[in-house]
Enquirer: 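The structure follows.
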Number of protein chains: 2
Amino acid sequence: MPFSNVAERREQPPTLAVSTVIFSLRDDERTGRKSLWLPLVRRTREPFRGQWALPGGPLGPRDSLLDAAANNLRDTTGLIPRYLEQLYAFGDLDRSPTRRVVSIVYWALVREDDPHDTATSVLLDDPNVAWFRAEDPEVLGNLAFDHREIIEYALWRLRNKVEYGSIAHRLLGERFTLAQVREVYEAVLDKELDPANFRRTLRSTPDIEETDEFLSGGKHRPPRLYRYTGSTTHPLESENIS
Amino acid sequence: MPFSNVAERREQPPTLAVSTVIFSLRDDERTGRKSLWLPLVRRTREPFRGQWALPGGPLGPRDSLLDAAANNLRDTTGLIPRYLEQLYAFGDLDRSPTRRVVSIVYWALVREDDPHDTATSVLLDDPNVAWFRAEDPEVLGNLAFDHREIIEYALWRLRNKVEYGSIAHRLLGERFTLAQVREVYEAVLDKELDPANFRRTLRSTPDIEETDEFLSGGKHRPPRLYRYTGSTTHPLESENIS
DNA sequence: CTTAGTTCTGGTCAAGTTGACACTAACTGG
DNA sequence: CCAGTTAGTGTCAACTTGACCAGAACTAAG
């Protein structure tokens, strides 16, 4: 351990790191509904060796914050999310037991079946990366650093955001049924919604556009597919990955 | 200038700084209504010497991010806001022409007549600190660094926030009339609101409580004073200044 | 003292939105 | 072709919203 006491390490200039909370929608046998999952990486070094943590790493001198988050994510998990938004900067003095670290945390929404998302292969092969239910108390209770608070804050932000904006499409594919959008809302808000009323409100927003296609294969009338148009987020919050 | 070219300075570890956008509500003769004002400090050193900039400074090794913002604000402007919330971390490579700087930006809402707010004296005596209309194009067009974008983003966040939460009371005193709350909304949203309807909606929220007092002195029927109760913000976003 | 001017405050009404729910449409699988 | 399942439409009552009216309660002018 590089510093023997708190006073000493506090004199060091703060280190800058970047981490990411990634949410995806997956089936949850426990509830029968879909719910939110997130990938974690196992720490291979002290402190917190062996415990699960958010993917992250130091800020390189040549990377913007966003690039640093995206690059690190690619390297540690194989994920290349289309959507990455800054969540919060965490800078308390005692976040890490060994050094003063300020972490800029990003959050991402990914789709299980995204073609960009090469993660499936990487994640399956690497025992140090795995997906967990975002609200599993077992998981949240044993994370490294202050990552529990970070995830809980990310969940809070997600809920707030889904309520008054449309980010649901980021968890879905290019085309989607209204029932899929409803599943997103149900997973995030954790309650059931009336399909008919939900349809009515969604169709009244200008952001979602009907296509001529239908999704067949279910044991029922094939639902129409829709497409997302429009952008309600601030430029700062919708930068694209370079 | 410490580094002669871009490639060289980019190899340096990023410097961490903290800045703050402070909004206050003041009379605006131009519109007749109240509008948002913010204090800026004149830069005394290169780069951007002589131009106006947000108050800010480097992150000290012993300060949390919030403390750093609060302390710096006190030292440069004399302001001690009750409310300080993290806005965003700005970290693009070319924000500063001389060094790589990552700035954690906070934003604050202060009241003109806050007893905490010792700023009046300091601000009046110091020619390098002054208040400006937050949306004055003259001012926004001549700021140092990327501070124009930062302020515009802060305004955007403020509008979003005031729409679905109650932060108006932070710009007002302990007790306030409903008309004062309406003035806040009118200033932030930049449109007039119907007093009767506004009253109806405000009184239906549980966050605002009637008192037995009335405000006399106006040339009209004295309005009842109200008090704010309740807290809708996430713990992370309502930390108190130490 | 009266009256004009002002804002506060309570109310009404029509239009729009929301939640609950009934019912028909269109597919699959036996 | 019939049962099962979800898609999608329609309706109704309750609630919310915006526009506006009118009385209440103060100050200031005469």
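Quick note on labels: first sequence line is chain A, next is B, and so on, each numbered from 1. Keep in mind that this is a model prediction, so the values were computed, not measured.
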Enquirer: Could you give the start and end, 5' to 3', of the contact zone on DNA chain D for chain A, using atoms under 4.0 Å from its heavy atoms?
Expert: D/dG4 to D/dT11
Enquirer: Using the six-membered ring wherever Trp is involved, compare the ring planes of B/F145 and B/H147 and label them parallel, tilted or perpendicular (cut-offs 30° and 60°).
Expert: tilted
Enquirer: Between A/K191 and A/E186 (salt bridge meaning N to carboxylate O under 4.0 Å), is one present in this structure?
Expert: no
Enquirer: Find which nucleotide of DNA chain C each of A/D194 and A/S216 is nearest to by heavy atoms, and output the residue with the more 5' nucleotide.
Expert: A/D194
Enquirer: Measuring to OP1 and OP2 of C/dG10, would you say a side-chain N or O of B/R199 lies under 4.0 angstrom away?
Expert: yes
Enquirer: Kindly determine whether B/F132 and B/W37 satisfy ring pair (Phe, Tyr, Trp, His ring centres under 6.0 Å), including the steps that lead there.
Expert: CA-CA 5 Å; B/F132 298 92; B/W37 293 67; 8.2 Å; no
Enquirer: Determine yes or no for a side-chain-to-main-chain donor-acceptor pair under 3.5 angstrom, with A/T229 supplying the side chain and A/D207 the backbone.
Expert: yes
Enquirer: Whole Å only: how far is the CZ atom of A/F214 from the C1' atom of C/dT28?
Expert: 17 Å
Enquirer: Taking CG from B/L202 and P from C/dG10, how many angstroms apart are they, rounded to a whole number?
Expert: 13 Å
Enquirer: On DNA chain C, does the nearest nucleotide to A/G218 precede the nearest nucleotide to A/S204 from the 5' side, or the other way round? Give the residue.
Expert: A/S204
Enquirer: So does A/L79 get a backbone contact from the side chain of A/T77, meaning a donor-acceptor N/O pair under 3.5 Å?
Expert: yes
Enquirer: Starting from the 5' end of DNA chain D, give me the residue, B/G217 or B/R200, whose nearest nucleotide shows up first.
Expert: B/R200
Enquirer: Rounded to whole angstrom units, what separation is found between the CG atom of B/N197 and the P atom of C/dA15?
Expert: 16 Å
Enquirer: Rounded to the Å, how far apart are B/R203 CZ and C/dT9 P?
Expert: 8 Å
Enquirer: Evaluate the side-chain proximity of A/Q180 to A/K34: yes if any heavy-atom separation is below 4.5 Å, no if none is.
Expert: no
Enquirer: Measure the acute angle between the ring planes of A/H169 and A/Y228, then classify it against the limits of 30° and 60° as parallel, tilted or perpendicular.
Expert: parallel
Enquirer: Counting side-chain heavy atoms from C-beta on, which of C/dC21, C/dA20, C/dT9 comes nearest to B/P223?
Expert: C/dT9
Enquirer: Would you indicate what A/A179 reaches in the nucleic acid, counting non-hydrogen atoms under 4.0 angstrom: base, sugar-phosphate, or nothing?
Expert: sugar-phosphate
Enquirer: Could you please name the option among C/dC27, C/dT7, C/dT18 that lies closest to any side-chain atom of A/T201?
Expert: C/dT18
Enquirer: So for A/R221 and C/dC27, does any side-chain atom that can act as donor or acceptor lie under 3.5 Å from a complementary atom in the base?
Expert: no
Enquirer: Rounded to the nearest angstrom, tell me the gap between atom NZ in B/K219 and atom C1' in C/dC8.
Expert: 17 Å
Enquirer: Rounded to whole Å, how long is the line connecting atom CG of B/L225 with atom P of C/dT7?
Expert: 18 Å
Enquirer: Please state how far atom CZ in B/F176 lies from atom C1' in C/dC8, giving the value in whole angstrom units.
Expert: 17 Å
Enquirer: Nearest-Å distance, CG (B/L215) to C1' (C/dT6)?
Expert: 14 Å
